[in-house]
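Here's the structure, in structure tokens; my notes come after.
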2 protein chains.
Amino acid sequence: MTDQAPSPIVDRLREEGRRITRERRLLLEIIERNPHLDAAGIYLLAHQQNAKIGLATVYRTLNLLTELELVDVVSLGEDHSHYEIRGDDHVHLVCLDCGSVREIPPLPDFRSLDEIEGFEVHQAHLELIGLCEACRKKRASNESKGTPA
Amino acid sequence: MTDQAPSPIVDRLREEGRRITRERRLLLEIIERNPHLDAAGIYLLAHQQNAKIGLATVYRTLNLLTELELVDVVSLGEDHSHYEIRGDDHVHLVCLDCGSVREIPPLPDFRSLDEIEGFEVHQAHLELIGLCEACRKKRASNESKGTPA
DNA sequence: ATGGCTGCAAACACTTTGCATCGGC
DNA sequence: GCCGATGCAAAGTGTTTGCAGCCAT
């Protein structure tokens, strides 16, 4: 709880001359442990460990980390943003029925994409929207019970 | 101007028992002609031809079309939604500097993707964030003039 | 001790909704 | 004529910002 694991992100903040506060450390830990959470979800978890933390701090921290390119913003088909530590590129599989999000490694063909038709690619966001295996089966069994699409 | 081009989307609305109003026809035409506009942009264009149209109608129409899967919502890295007629899958190249959005055909490898690891793919959204050719050159020439990143 | 960071609340931008009226069918 | 669609304005979300006090450096 009180031990502070060494983190390249904390180092990076220090390099930038930013201050390492209790709030930032807490938020970072939460974001690192829970990929693609939204601001409200991050706030909720943070609040459990520090009842005084404000939603504004969550947003300010997320914006800071985004500017420093330490976190990525992803949309996941929702009307608000989700956040994740920037790491290896990956693909998001978003289920239409249960909303679950699964991450898989990049498809082979665009793993190494760094330029295409004169466009210099910095980031690739691939989102596949559809049905996860469980919801697919659920739908199939509902249909046979007489509840077609 | 007053002629009403036949449209599969209008047919589809009729099939669904929805009413074909002047407003819906106007909005459809705008969306068809201007890919990935946001609600405000659509409203602006619509307003030029029908000063009485309301923003609420724009949103209600976009939601209707989205539910019927006739239009897609795309995020394009902005904090609000953009809309486009659902058609062939394509890739968006979004420029970090000028914000321009270019569409290109799907990358070969995921063109035919309809299932992956048990997940049933309905839609694929691929967004490449980076620098368009013009902005790339602009940056290069600025750097040589002594304005590094 | 200094200036960046925080919490709070008010402000903002985008989107949705209630209600009376209008107009497609 | 009926009932869905519209316009307006008010209410709802998610996010940002102003300001006084706090705390990492």
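Throughout, a chain's letter reflects where its sequence line sits, starting with A, and its residues are numbered from 1.
Not counting sequence neighbours, the partners of His82(B) by the ring pair (Phe, Tyr, Trp, His ring centres under 6.0 Å) test are His80(B). Here Asn63(A) pairs with nothing under the side chain to side chain donor-acceptor pair (under 3.5 Å) rule; sequence neighbours left out. In this structure, the salt bridge (charged side-chain N to carboxylate O under 4.0 Å, His left out) partners of Glu117(A), at least two apart in sequence or on a different chain, are Arg102(B). Residues passing the side-chain contact (heavy atoms from CB on, under 4.5 Å) test with Glu23(A) are Thr21(A), Asn50(A), Ile53(A), Thr57(A), sequence neighbours excluded. The side-chain contact (heavy atoms from CB on, under 4.5 Å) check on Asp11(B) picks up nothing, with sequence neighbours excluded. Listed by chain and residue number, nothing satisfies the ring pair (Phe, Tyr, Trp, His ring centres under 6.0 Å) test with Tyr59(A) (two or more places apart in sequence, or in another chain).
A donor-acceptor contact shorter than 3.5 Å links the side chain of His90(A) to the backbone of Asp88(A). The backbone N or O of Val10(A) sits nowhere less than 3.5 Å from a side-chain atom of Arg25(A) that would complete a donor-acceptor pair.
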Which atom pairs, one a donor and one an acceptor, fall under 3.5 Å between side chains of residues 71-78 of chain A and the rest of the protein, sequence neighbours left out?
residue  : atom : partner  : partner atom : Å
Asp72(A) : OD1  : Arg86(A) : NE           : 2.9
Asp72(A) : OD1  : Arg86(A) : NH2          : 3.0

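Between Arg19(A) and Ala56(A), it is Arg19(A) whose nearest contact on DNA chain C lies nearer the 5' terminus.
The stretch residues 58-69 of chain B touches DNA chain C through Tyr59(B), Arg60(B), Asn63(B), each having a heavy atom within less than 4.0 Å of the strand. Near DNA chain C, defined here as any heavy-atom distance below 4.0 Å, the residues from residues 36-45 of chain B are Ala39(B), listed numerically.
Distance check, rounded to the nearest 0.5 Å: CG of Leu37(A) to CD1 of Ile31(A) gives 8.5 Å. The CG atom of Asn34(A) sits 15.0 Å away from atom OH of Tyr83(A), with the distance rounded to the nearest 0.5 Å.
One finds a salt bridge joining Glu16(A) and Arg12(A) here, because a Lys/Arg side-chain nitrogen approaches an Asp/Glu carboxylate oxygen to under 4.0 Å.
Between Ser7(B) and Glu32(B) the shortest side-chain heavy-atom distance falls below 4.5 Å.
From the 5' end on, the contacts that DNA chain C makes with chain B at under 4.0 Å to a non-hydrogen atom open and close at dC14(C) to dC25(C). Heavy-atom contacts of chain A under 4.0 Å fall on DNA chain D between two terminal nucleotides, which in 5' to 3' order are dG14(D) to dT25(D).
One axis for each end of the helix from dA1(C)-dT25(D) to dC25(C)-dG1(D), each built from five base pairs, and the angle between them comes to 40° at 10° resolution.
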- Query: Hey, mind stepping through Arg139(B) and Asp97(B) against salt bridge (charged side-chain N to carboxylate O under 4.0 Å, His left out) and telling me if it holds?
  - Reply: CA-CA 9 Å; Arg139(B) 277 201 186 188; Asp97(B) 278 8; 2.8 Å; yes
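Looking at Leu27(B), Leu13(B), Leu70(B) one by one, the single match for side chain to side chain contact (heavy atoms under 4.5 Å, CB included) with Leu64(B) turns out to be Leu13(B).
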